[in-house]
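No hydrogens, no waters, no symmetry mates; every other heavy atom, side chains included, goes into these values.
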Amino acid sequence: MTYLCAMMTAKEIIRYMESLRNEEQRQVLMRFFKTGPGEYGEGDEFLGLKVPQTREVVKLTAGDTPLDEVPELLMSRWHEVRLCGLLILVARFEKLEKKRLADNEESILGRDEIVKMYLQHAERANNWDLVDLSAPKILGHWLLLPTHLGDKREVMDALAASDCLWRQRMGMVSTWKTTQQGDPSWCLRYAEVHLHHQHDLMHKAVGWMLREVGKRCSMDLLRQFLERYAHEMPRTALRYAIEQMSPQERRHWLEA
């Protein structure tokens, strides 16, 4: 077995994670993440590691493993190794987003480099957990900070317009962070764009983000959105959006 140390290459990280393989847990994860024929995670391969195990690898290597090693992790066949790569990017980004570094030129360039790497390999975050554990903490925070990458809306619109489910979900769940900071406009924009999306995973994402608008910003603003769209929203999205409401009000919207 390879032992974990701070300074590790991508190959060493992969070798270490492979040494932790758990066949029983692997079978559970393959069922949970829908890897069968025709399912959204078709063909994905798992080692059988639990998320805390992957986080431990990140904790001990993120500060020392060179950033240019991360793409090899993102290109791995193993789901958990890709998660490791994504969480290393999250850890790196979080170090550069501290308030005192927000306008620091070196930090801006460092954050932009991480965002570019993340977007370049977006298809490798090819399941909902990989997206949800990374997009809000990278793209979501990036939306709140200075950047040299140009118009943020163009970047987000490109995600929304993509034919890749995972890029679309990235854009949608990234709005969690802007909503938390009191700006619901990003969420409302992309909730409307994806209102008639065909996939259940996007219905859940849209409803979840709308629920956060009601919770973090304004329940009346959420009601205004529902007044306009409840009658045509997918049932799953609507149910997620109204979870924080009273039973009586939930019934009202479900009957809309």
Side-chain angles (χ1 to χ4, degrees), residues 33-34 38-44 71 74-75 82 85-86 89-90 93 108 111-181 183-213 217 221-222 224-226 228-238 240-241:
F33 287 108
K34 308 296 185 183
E39 296 180 310
Y40 59 75
E42 181 177 356
D44 202 358
L74 300 179
M75 295 304 297
R82 298 197 302 281
L86 293 167
L89 293 182
V90 168
F93 195 95
I108 293 173
R111 293 194 301 261
D112 286 351
E113 182 180 6
I114 290 168
V115 169
K116 286 190 291 185
M117 182 177 290
Y118 185 66
L119 292 174
Q120 183 180 353
H121 296 88
E123 282 84 355
R124 303 304 295 165
N126 59 343
N127 215 310
W128 60 264
D129 63 318
L130 302 180
V131 171
D132 296 359
L133 289 172
S134 60
K137 294 184 177 182
I138 296 176
L139 294 180
H141 281 159
W142 173 74
L143 290 174
L144 300 167
L145 293 163
T147 181
H148 295 320
L149 293 183
D151 188 340
K152 294 175 181 176
R153 179 166 288 186
E154 287 184 6
V155 173
M156 297 296 287
D157 283 355
L159 291 174
S162 170
D163 58 3
C164 172
L165 170 65
W166 309 116
R167 285 184 179 270
Q168 293 169 345
R169 188 172 171 106
M170 276 181 179
M172 193 68 244
V173 302
S174 293
T175 68
W176 190 9
K177 288 298 177 184
T178 51
T179 296
Q180 284 180 330
Q181 295 301 312
D183 180 2
S185 63
W186 293 96
C187 173
L188 297 176
R189 178 180 178 83
Y190 297 113
E192 187 173 355
V193 168
H194 295 303
L195 195 66
H196 300 109
H197 201 285
Q198 297 301 305
H199 205 291
D200 183 64
L201 286 177
M202 285 302 296
H203 301 170
K204 292 176 180 178
V206 168
W208 171 25
M209 293 302 104
L210 286 172
R211 183 183 70 214
E212 291 299 308
V213 168
C217 296
L221 192 60
L222 172 58
Q224 290 172 20
F225 186 92
L226 296 177
R228 186 174 180 184
Y229 293 118
H231 67 285
E232 57 183 295
M233 288 175 67
R235 198 73 164 177
T236 298
L238 180 58
Y240 271 58

State the [atom1]-[atom2] distance between [X] and [Y], to the nearest 0.5 angstrom.
{"X": "L143", "Y": "D183", "atom1": "CG", "atom2": "CG", "answer": "9.0 Å"}
{"X": "H121", "Y": "K116", "atom1": "NE2", "atom2": "NZ", "answer": "13.0 Å"}
{"X": "E154", "Y": "L159", "atom1": "CD", "atom2": "CG", "answer": "12.5 Å"}
{"X": "L145", "Y": "K177", "atom1": "CG", "atom2": "NZ", "answer": "11.5 Å"}
{"X": "M172", "Y": "M209", "atom1": "CE", "atom2": "CE", "answer": "6.5 Å"}
{"X": "L144", "Y": "T178", "atom1": "CG", "atom2": "OG1", "answer": "6.5 Å"}

Ring pair (Phe, Tyr, Trp, His ring centres under 6.0 Å) partners for H197, two or more places apart: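 Ring pair (Phe, Tyr, Trp, His ring centres under 6.0 Å) check on H197 returns H194.
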Ring pair (Phe, Tyr, Trp, His ring centres under 6.0 Å) involving W166 - partner list, sequence neighbours excluded: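 W166 satisfies ring pair (Phe, Tyr, Trp, His ring centres under 6.0 Å) with no residue once adjacent residues are dropped.
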K152 atom NZ, over 12 foreign heavy atoms within 6.0 Å: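 For K152, atom NZ is crowded (more than 12 foreign heavy atoms under 6.0 Å).
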For a quick test of reading the model, state the closest non-hydrogen atom pair linking [X] to [Y] and the distance between them.
{"X": "I114", "Y": "L89", "result": "CG2-O, 3.9 Å"}
{"X": "G85", "Y": "L74", "result": "C-CD2, 3.7 Å"}
{"X": "Q198", "Y": "H196", "result": "NE2-O, 3.2 Å"}
{"X": "D163", "Y": "Q168", "result": "CA-NE2, 4.2 Å"}
{"X": "T179", "Y": "C217", "result": "O-SG, 3.4 Å"}
{"X": "M170", "Y": "A122", "result": "CE-O, 3.5 Å"}

Salt bridge (charged side-chain N to carboxylate O under 4.0 Å, His left out) partners of [X], counting only residues at least two apart:
{"X": "R111", "answer": "none"}
{"X": "R153", "answer": "none"}
{"X": "D129", "answer": "none"}
{"X": "R124", "answer": "none"}

Candidate pair L226 and M233, rule side chain to side chain contact (heavy atoms under 4.5 Å, CB included), full reasoning: CA-CA 9 Å; L226 296 177; M233 288 175 67; 3.7 Å; yes
Side-chain donor or acceptor of K137 paired with backbone N/O of V90 under 3.5 Å: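 Pair absent, no side-chain N/O of K137 close to backbone of V90.
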N/O donor-acceptor pair under 3.5 Å between E123 side chain and C164 backbone: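 Not a single qualifying donor-acceptor pair exists.
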Criterion side chain to side chain contact (heavy atoms under 4.5 Å, CB included) on Y229 and L238, from CA distance to verdict: CA-CA 9 Å; Y229 293 118; L238 180 58; over 6 Å; no
I'd like to check [X] versus [Y] (side-chain heavy atoms, cut-off strictly below 4.5 Å). Are they in contact?
{"X": "V213", "Y": "L221", "answer": "yes"}
{"X": "D200", "Y": "Y40", "answer": "no"}
{"X": "D151", "Y": "V155", "answer": "no"}
{"X": "Y240", "Y": "T236", "answer": "yes"}
{"X": "L139", "Y": "L119", "answer": "yes"}
{"X": "R167", "Y": "V131", "answer": "no"}

If you measure only the distance, is there a donor-acceptor pair under 3.5 Å linking the side chains of [X] and [Y]?
{"X": "D112", "Y": "T147", "value": "yes"}
{"X": "T175", "Y": "Y190", "value": "no"}
{"X": "N127", "Y": "R82", "value": "no"}

Working for side chain to side chain contact (heavy atoms under 4.5 Å, CB included), residues M156 and S174: CA-CA 9 Å; M156 297 296 287; S174 293; 4.1 Å; yes
Residues R169, D132: salt bridge by 4.0 Å N-O rule: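 The answer is yes: the pair qualifies as a salt bridge.
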Audit row: V115, I138, side chain to side chain contact (heavy atoms under 4.5 Å, CB included) steps and yes/no: CA-CA 7 Å; V115 169; I138 296 176; 4.1 Å; yes
K34/D44 under salt bridge (charged side-chain N to carboxylate O under 4.0 Å, His left out): CA gap, chis, key distance, verdict: CA-CA 9 Å; K34 308 296 185 183; D44 202 358; over 6 Å; no
Ring centroid separation F33 to W128 under 6.0 Å: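 Ring centres of W128 and F33 closer than 6.0 Å.
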